[in-house]
Each structure stands twice: as structure tokens, then as C-alpha cells.
S.K.: 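Quick one: the structure is below, questions incoming.
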Amino acid sequence: DTIADNWPEIEIADSGAGDKGTRVKRYVVANVEVKVIAERVQYFDANGKLITESLKDYTRKALAKEFATLDDFLRRWSSVEKKKVIIEELSNEGVFFDALAEEIGRDCDPFDLVCHVAWGMPPLTRRERAEKVKKRNYFGKYGEQARRVLEAILEKYTDEGIEQIEETQMLTIAPFTELGTPMEIIRTFGGLDQYQKAVQELEVALYAA
């Protein structure tokens, strides 16, 4: 097996158009070049043999090293304070999220890409997840100002993904600047700890079964 147990940071290069106009992306992982060509992955194994397999099969191998079952993945996903920790770990282990998103053709976040490829779960788009949260009347327990902030965070998730909403730096840009300064927004929730707790609870609602 050529997939290392602990891969370092992945280097990515886009080589431009390949055969018949297909773009080729090269990923260097543990000094092994992995080419992603449309829905295929190519790399040389330890014996110098060129291996060609589907992107999904390659991804399943990488995921199987970390998670034996869907429940294992769900427990790990729900246990981390910031989802970007798992996203970075899996990226370093050979899960090429951008390539998978292009193949599936939907604006899914890494959670849905993993669940779909590894365990055949129907992939939801970020917009679909956000709409499910709204339909549950999730924001009803908050005051008007806090609700406006959380609605803006949910829209930011829809547009840019889970990693973006986990950083308080987003409060320094629009549309949050229209709702107050970062400190004013945080005080709306009663302090930084309460604000972070509200964001984490929103994430729980996003990934609820």
C-alpha cells in the first residue's frame, strides 16, 4: 500500500490542460506524485508500477485508514472543536476535496463529500443544509441582534463553507461590519465564550441527522 500512515502537507500544482483539454492536478504526498485527471488518479507504487484508479476508490482507501465505519467518522467530526482540524488531516492523507467536489458537481462541504464517497450517503449542498436549519426555527431562541448575526454566519457558511465561520476574523468584514464592531457583536452573546458556543451549536444543527 503506497498511502503513508502520516502524510505531510500536500503540495499542489495545476499543470493546465492535458489530453483532450482535460486539466491535470498534481499532488505531491510523501515525495510521491499523485496526478488527478478528471475522475482518475495516477501514481507510481513502491515498485515503480503506474497505478491508475478512480478518484473515489483512491479516496475510500485514504478514509478507510482513519475510519472503519460511518459512526467512527461521525463521532470524530462531532468531537472536534473546529472542523477544519479534520479537513486538514484528511487533506494531508490524500483526500482531495476540490477534485471530489468537481466530480460530484455540487456545492457540498467536506462532511458530505466524505459521507457520500465512503459510505454512499446522499450528498447535501451547503444551501440545503442551511435551509434545513432555518426550517427547524433554530434561531427562535435568540434575541433579534444575535439572530441577525447567526443568520449572517449561516449565509457565510452557504457561500464559503464551514472553515470560514469558525474564525472570529470574519466579524471584521461585510456583512458583519453592518451589525457592529467585533466586540459589539460578541457582547451581544454575552462574551467570547458564549459567542463561540453559539457558533458550535449552529454547527451541530447543520450536521444533525
Side-chain angles (χ1 to χ4, degrees), residues 59 63 67 70-91 95-209:
T59 303
L63 292 170
F67 310 108
L70 174 59
D71 285 342
D72 288 341
F73 172 70
L74 295 178
R75 280 193 292 269
R76 172 78 169 126
W77 184 266
S78 63
S79 68
V80 295
E81 183 176 337
K82 290 191 174 183
K83 309 310 179 190
K84 75 173 186 178
V85 171
I86 297 181
I87 295 169
E88 290 175 354
E89 287 176 356
L90 293 180
S91 295
V95 179
F96 307 136
F97 289 110
D98 289 345
L100 287 170
E102 288 179 10
E103 179 176 342
I104 293 173
R106 309 194 80 202
D107 292 327
C108 302
D109 76 9
F111 176 88
D112 283 282
L113 294 175
V114 168
C115 291
H116 175 64
V117 172
W119 297 286
M121 303 296 291
L124 297 179
T125 64
R126 294 192 300 270
R127 174 69 63 184
E128 287 169 336
R129 286 200 172 276
E131 290 300 322
K132 284 180 177 291
V133 172
K134 293 177 182 179
K135 289 178 180 178
R136 297 189 195 108
N137 194 29
Y138 173 79
F139 300 114
K141 62 182 178 180
Y142 292 98
E144 180 180 356
Q145 184 65 8
R147 185 167 62 249
R148 290 174 63 195
V149 172
L150 289 171
E151 287 172 347
I153 292 175
L154 188 62
E155 193 62 28
K156 175 69 73 173
Y157 161 81
T158 300
D159 292 339
E160 300 184 27
I162 192 67
E163 294 174 88
Q164 299 303 317
I165 72 172
E166 295 183 326
E167 303 298 335
T168 56
Q169 288 90 331
M170 73 175 174
L171 299 180
T172 65
I173 61 177
F176 302 99
T177 49
E178 301 171 5
L179 302 175
T181 67
M183 288 305 301
E184 289 171 341
I185 290 174
I186 288 171
R187 280 199 295 268
T188 298
F189 293 86
L192 181 59
D193 288 344
Q194 290 84 351
Y195 166 79
Q196 291 175 332
K197 181 180 179 182
V199 174
Q200 290 169 1
E201 289 178 348
L202 177 58
E203 290 182 355
V204 171
L206 277 169
Y207 298 109

S.K.: Could you tell me whether the side chain of T188 reaches within less than 4.5 Å of the side chain of L179, counting heavy atoms only?
M.R.: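 A side-chain contact under 4.5 Å is absent here.
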
S.K.: Go through the steps for D109 and L206 under the test side chain to side chain contact (heavy atoms under 4.5 Å, CB included), then give the verdict.
M.R.: CA-CA 11 Å; D109 76 9; L206 277 169; over 6 Å; no

S.K.: Are any of the side-chain heavy atoms of F97 and L90 separated by less than 4.5 Å?
M.R.: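 Sidechains of L90 and F97: in contact.
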
S.K.: Counting N and O atoms only, with roles assigned by atom type, does the side chain of R147 sit under 3.5 Å from a partner on the main chain of Y142, one being a donor and the other an acceptor?
M.R.: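 At least one qualifying donor-acceptor pair exists.
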
S.K.: Could I get the full list of side-chain contact (heavy atoms from CB on, under 4.5 Å) partners for V117, not counting sequence neighbours?
M.R.: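 Per chain and number, V117 pairs via side-chain contact (heavy atoms from CB on, under 4.5 Å) with K56, T59, R60, L100, I104.
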
S.K.: With a 4.5 Å limit on heavy-atom distance, are the side chains of F189 and K197 in contact?
M.R.: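 No - every pair of side-chain heavy atoms lies 4.5 Å or more apart.
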
S.K.: Judged by atom type as modelled, is there a donor-acceptor pair below 3.5 Å linking the side chain of R136 to the main-chain atoms of A205?
M.R.: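 At least one qualifying donor-acceptor pair exists.
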
S.K.: Between atom CD of Q164 and atom CD1 of I153, what is the distance when rounded to the nearest 0.5 Å?
M.R.: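 Rounded to the nearest 0.5 Å, the CD-CD1 separation comes to 12.5 Å.
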
S.K.: Begin from the C-alpha positions of E151 and R148 and carry the test salt bridge (charged side-chain N to carboxylate O under 4.0 Å, His left out) through to its verdict.
M.R.: CA-CA 5 Å; E151 287 172 347; R148 290 174 63 195; over 6 Å; no

S.K.: Is F139 close to L154 at the side-chain level, that is, under 4.5 Å between some pair of heavy atoms?
M.R.: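 Answer yes - side chains close enough.
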
S.K.: Could you go through the side chain to side chain contact (heavy atoms under 4.5 Å, CB included) check for Y207 and L74 one step at a time?
M.R.: CA-CA 9 Å; Y207 298 109; L74 295 178; over 6 Å; no

S.K.: Shortest non-hydrogen contact from M121 to H116?
M.R.: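 Nearest pair, atom of M121 first, then H116: O-ND1, 2.9 Å.
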
S.K.: Return yes when atom NZ of K141 has more than 12 non-hydrogen atoms of other residues, nucleotides or ligands closer than 6.0 Å, and no otherwise.
M.R.: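 Enclosed.
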
S.K.: Which heavy atom in I87 sits nearest to a heavy atom in P110, and how many Å separate them?
M.R.: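 What the structure gives for the nearest pair is CD1-CG, 3.7 Å.
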
S.K.: To the nearest 0.5 angstrom, please state how far the OH atom of Y157 sits from the CG atom of D159.
M.R.: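 Spacing of OH (Y157) from CG (D159) equals 11.5 Å.
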
S.K.: Starting from the C-alpha separation in whole Å, work towards a yes-or-no answer on side chain to side chain contact (heavy atoms under 4.5 Å, CB included) for F73 and L63.
M.R.: CA-CA 9 Å; F73 172 70; L63 292 170; over 6 Å; no

S.K.: For residues E160 and M170, determine if any side-chain heavy atom of one lies less than 4.5 Å from a side-chain heavy atom of the other.
M.R.: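 Sidechains of M170 and E160: no contact.
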
S.K.: Would you call E89-K84 a salt bridge at under 4.0 Å N-O?
M.R.: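 Between K84 and E89 there is no salt bridge, as every charged N stays at least 4.0 Å from the carboxylate O atoms.
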
S.K.: For side chain to side chain contact (heavy atoms under 4.5 Å, CB included), just list the numbers for E167 and K82, CA-CA rounded to whole Å, side-chain angles, deciding distance to a tenth of an Å, and then say yes or no.
M.R.: CA-CA 9 Å; E167 303 298 335; K82 290 191 174 183; 3.5 Å; yes

S.K.: Could you give the distance from CZ (R126) to CZ (R106), rounded to the nearest 0.5 Å?
M.R.: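 These two atoms lie 11.5 Å from each other.
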
S.K.: Taking C-beta and beyond as the side chain, do E131 and E128 meet within less than 4.5 Å on heavy atoms?
M.R.: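 No, too far: nothing below the 4.5 Å cut-off.
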
S.K.: Just how far is it from atom CD1 of I162 to atom CD of E203, taken to the nearest 0.5 Å?
M.R.: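 Atom-to-atom, I162:CD1 and E203:CD are 4.0 Å apart.
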
S.K.: Rounded to the nearest 0.5 Å, what separation is found between the CZ atom of R76 and the NZ atom of K83?
M.R.: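 Between R76 CZ and K83 NZ, I get 10.0 Å after rounding to 0.5 Å.
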
S.K.: What's the spacing between R129 CZ and D112 CG if we round to 0.5 Å?
M.R.: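 One gets 4.0 Å once the value is rounded to the nearest 0.5 Å.
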
S.K.: May I ask you to test the L70-C115 pair for a side-chain heavy-atom distance under 4.5 Å?
M.R.: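 Touching, per the 4.5 Å side-chain cut-off.
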
S.K.: Less than 4.5 Å apart, any side-chain heavy atom of W119 and any of V114?
M.R.: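 Counting from C-beta outward, W119 and V114 do come under 4.5 Å.
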
